[in-house]
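Atoms considered below: every heavy atom in the structure, side chains included; atoms not considered: hydrogens, waters and symmetry mates.
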Amino acid sequence: MDKVSGRLTVFFEEPFWIGVFERISERKLSVCKVTFGAEPKDCEIYDFVLKNYYRLKFSPAVATDVKEAGRNPKRVQREVRKQVQNTGIGTKSQQALKLQQEQLKTERKAVSREQREAEKQLQFEMKQQKRKEKHRGR
């Protein structure tokens, strides 16, 4: 059975507080970006995770390497301190977010193209109807 791990990084990106959820499953990384607005407290973040985690839209999975080893508690503490000081998100996470952004952009383009074509078709049909009405009685 494969291990699933997750991480939430909260940082300030002018003018809002941003949370980046990273999920590693089956050696693949998926990311979701959430905007909190005002600085969230720990309890607010915990409530948000409990209530909204399954509604989050994660990016398509990106291949990543997963390191498995016994962890020294002091080293873990040092890494946590280093991560807290390091603001921002990792490059793999950025790649996953960019992939999600591009995917949403293509979906939006497809929807707007369909709407535009439907509007053109409607205008054409109205024009044809008007032409037929003009020539009906003569």
S.K.: Are Ile45 and Phe21 connected in the hydrophobic side-chain network, where two residues link if heavy atoms are under 4.5 Å apart?
M.R.: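 Per the 4.5 Å side-chain linkage, Ile45 and Phe21 are co-clustered.
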S.K.: Rounded to the nearest 0.5 Å, how far apart are CD of Gln94 and CD of Gln101?
M.R.: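 Between atom CD of Gln94 and atom CD of Gln101 there are 11.5 Å.
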S.K.: Roughly how far, to the nearest 0.5 Å, is NZ of Lys127 from NZ of Lys130?
M.R.: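 Atom-to-atom, Lys130:NZ and Lys127:NZ are 10.0 Å apart.
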S.K.: Mind checking the CG-CG spacing from Asn52 to Asp47? Nearest 0.5 Å is all I need.
M.R.: 9.5 Å
S.K.: Take Glu119 and Gln115 through the test side-chain hydrogen bond (donor to acceptor under 3.5 Å, both in side chains) and record every step on the way to the result.
M.R.: CA-CA 6 Å; Glu119 184 66 29; Gln115 288 176 345; over 6 Å; no
S.K.: Is there a side-chain contact between Glu133 and Gln129 in this structure, where contact means two heavy atoms from C-beta onward sitting under 4.5 Å apart?
M.R.: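 A side-chain contact under 4.5 Å exists here.
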S.K.: Working to the nearest 0.5 angstrom, can you tell me the gap between Leu104 CG and Leu99 CG?
M.R.: 10.0 Å
S.K.: Let me check something: do Leu56 and Val31 share a hydrophobic cluster, defined by ILVMFWY side-chain heavy atoms less than 4.5 Å apart, either directly or through other members?
M.R.: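 Per the 4.5 Å side-chain linkage, Leu56 and Val31 are not co-clustered.
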S.K.: Around Tyr53, counting heavy atoms of other residues, nucleotides and ligands shown, do more than 12 lie under 6.0 Å from its OH?
M.R.: yes
S.K.: Give the cluster check for Phe58 versus Val20: same hydrophobic cluster or not, with ILVMFWY residues linked at side-chain heavy-atom distances below 4.5 Å.
M.R.: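 The answer is no; the residues belong to distinct hydrophobic clusters.
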S.K.: Can you name the closest pair of heavy atoms from Lys57 and Cys32 and give their distance?
M.R.: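 Closest approach of Lys57 to Cys32, heavy atoms only: O-SG, 3.5 Å.
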S.K.: Could you tell me the separation between the CZ atom of Arg81 and the CZ atom of Arg78, rounded to the nearest 0.5 Å?
M.R.: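 Arg81 CZ to Arg78 CZ: 8.0 Å, rounded to 0.5 Å.
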S.K.: Is Asn72 atom CG crowded by more than 12 heavy atoms from other residues, nucleotides or ligands, each under 6.0 Å away?
M.R.: yes
S.K.: To the nearest 0.5 Å, tell me how far Glu22 CD sits from Ser30 OG.
M.R.: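 The OG atom of Ser30 is 10.5 Å from CD of Glu22, to the nearest 0.5 Å.
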S.K.: For Ser59 and Leu97, indicate whether the former's side chain and the latter's backbone hold a donor-acceptor pair under 3.5 Å.
M.R.: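 Side chain of Ser59 to backbone of Leu97, a donor-acceptor pair under 3.5 Å: no, none is there.
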S.K.: Same hydrophobic cluster for Phe16 and Phe11, using side-chain heavy-atom links shorter than 4.5 Å among ILVMFWY?
M.R.: yes
S.K.: When you compare the side chain of Gln100 with that of Lys33, does any pair of heavy atoms fall below 4.5 Å?
M.R.: no
S.K.: Taking only residues two or more places apart in sequence or in another chain, which ones pass ring pair (Phe, Tyr, Trp, His ring centres under 6.0 Å) with Phe12?
M.R.: Trp17
S.K.: Would the number of heavy atoms belonging to other residues, nucleotides or ligands and lying under 6.0 Å from CD of Gln77 be above 12?
M.R.: no
S.K.: Among residues at least two apart in sequence or on other chains, which ones pass ring pair (Phe, Tyr, Trp, His ring centres under 6.0 Å) with Phe36?
M.R.: Phe48
S.K.: Transitive ILVMFWY cluster of Val111 at side-chain heavy atoms under 4.5 Å: who else is in it?
M.R.: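 Under the 4.5 Å side-chain rule, Val111 groups with nothing.
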